[in-house]
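Side chains are part of it too, since the values below use all heavy atoms of this structure and drop only hydrogens, waters and symmetry mates.
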Amino acid sequence: MEKEYTKKISIVIPAFNEAENLPFLCDEITEVMSPITDEYEIIIINDGSSDKTQETVEKLFNNDSKHIVGINFRSNFGKASAFSAGFIEAQGKIIFTMDADLQDDPKEIPNFLAKVEEGFDLVSGWKKNRKDSFIKNTSSKFFNFVTSQLSRVKLHDFNCGFKAYKAEVAKSLDLYGQLHRYIPVMARNKGYKIGEIPVHHRKRKFGKSKYGPVRFVNGFLDLLTVMMLTKYFKRPAHFFGGIGSVALGFGFIISLYITFLRLFTGSIQNRLPLFIAGILLVMVGVQLISLGLIGEMFANNYKKEDEYSKIKKIIK
Ligand code: UDP
Ligand code: MG
């Protein structure tokens with residue numbers, strides 16, 4: 001039978017205590033992939049599980065060593081680290097990520113491929129009809145709304161585990177901590193074209209969810225980190241200096257006004273709070289501008305070769 005797809009595909013799956021789910025997931029993926037291409041690999045990262053995940057991965061490998069790759073973490077390092085390891089190991093031209101818990105439906109893979117072929121560098125799934133608890137669904141909606149407003153990346157579901165990347169995009173990401181939630185923001189700030197497709201989402205059958213709604217508490221600090229590292233990485237003086245200059249400007253006007261009052265009316269006329277605010281704004285302003293300048297000294301170490309990561313194609 002003629003296979004429709006010629007590019008190699010890698011499917012990266014982080015798994016933390018997902019022993020019961022993995023065999024079903026691999027069966028489903030095999031069923032979807034076999035008519036598409038034989039050139040695919042399923043990379044399972046056992047993220048320090050305490051159940052039988054590792055044994056399960058070994059069994060799956062022994063059954064189908066052509067398609068299964070296993071990575072074993074010594075300890076639970078988190079989803080971002082699992083993605084990183086998977087992306088380093090991936091041989092495919094197109095790289096997928098999927099959750100191991102059967103909530104993502106592998107039948108969506110061809111839809112992702114079609115969208116990538118349309119010219120998108122990263123296609124993110126959108127759990128339009130999400131099958132999780134009410135609290136989780138609501139807090140996730142709020143998280144997505146704020147992230148979309150702040151980052152101006154127009155997606156409904158930033159943190160969806162089901163995504164397809166051109167290999168270049170996945171390999172360019174620098175993931176650690178919980179930063180996997182902001183992959184679309186990072187990729188967009190690197191100039192990649194981001195798309196979205198609605199995906200079928202299923203209830204978890206086996207095992208427990210590893211993340212509660214609490215995850216969103218630190219989420220916004222992470223968003224600031226991402227914005228800082230991607231958008232302002234090379235111009236910290238603009239970021240800090242911008243806020244600093246506004247503070248300094250207001251502080252200066254207030255101080256001028258107070259000086260004027262003192263000189264021409266003989267007293268500051270009970271404007272003590274304003275006086276203090278003026279001084280504070282000047283001090284904060286100067287501090288922020290200095291911080292920006294120190295940041296510039298670090299940014300100056302940025303290597304010229306890194307500019308190459310921005311180039312799409314060189315024609316010679
Ligand atoms: N996961 C992981 N390391 C962790 C936590 C989660 O590799 O420390 C994996 C987990 O096994 C699953 C995916 O990340 O494949 C998503 O986790 P989960 O289903 O618990 O999140 P939810 O769907 O509830 O957001
Ligand atoms: Mg899940």
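- The main-chain N or O of Asp38 is found under 3.5 Å from a side-chain atom of His67 such that the two form a donor-acceptor pair.
- Arg262 places no side-chain N or O within donor-acceptor distance of the main-chain N or O of Tyr257, the cut-off being under 3.5 Å.
- Judged by distance alone, with hydrogens and angles left aside, the side-chain atoms of Arg271 form a donor-acceptor pair with the main-chain N or O of Gln269 at under 3.5 Å.
- Residues passing the side chain to side chain contact (heavy atoms under 4.5 Å, CB included) test with Asp99, sequence neighbours excluded: Lys79, Asp101, Asp104.
- Looking at heavy atoms from C-beta onward, Leu25 lies in side-chain contact with Met98 at the 4.5 angstrom threshold.
- Thr265 places a side-chain N or O within 3.5 Å of a backbone atom of Leu261 that can act as its donor or acceptor partner.
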Legend entry - Verdict with reasoning, His201 to Asn129, per side chain to side chain contact (heavy atoms under 4.5 Å, CB included): CA-CA 7 Å; His201 192 237; Asn129 194 352; over 6 Å; no
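- In this pair, Trp126 and His156 present their aromatic rings parallel. The plane angle is below 30°, not in the 30 to 60° band.
- With hydrogens and angles disregarded, a donor-acceptor distance shorter than 3.5 Å links the side chain of Glu41 to the backbone of Gln91.
- You'll find the side chain of Leu274 reaches within 4.5 Å of the side chain of Ile258, heavy atoms only.
- Looking at Glu117 and Lys7, a side-chain N of the basic residue comes within less than 4.0 Å of a carboxylate O on the acidic one, giving a salt bridge.
- Between Tyr182 and Phe143, the ring planes are tilted. Angles from 30° to 60° get that label.
- When all heavy atoms are compared, the tightest approach of Leu22 to Ala100 is CD2-CB, 4.0 Å.
- Of the possible donor and acceptor atoms, none in the side chain of Asp47 sits under 3.5 Å from a partner among the backbone N and O of Pro14.
- Between Tyr192 and Phe120, the gap from one ring centroid to the other reaches at least 6.0 Å.
- For Lys171 and Phe87, the positive end is not near the middle of the six-membered ring at less than 6.0 Å and at most 45° from its axis.
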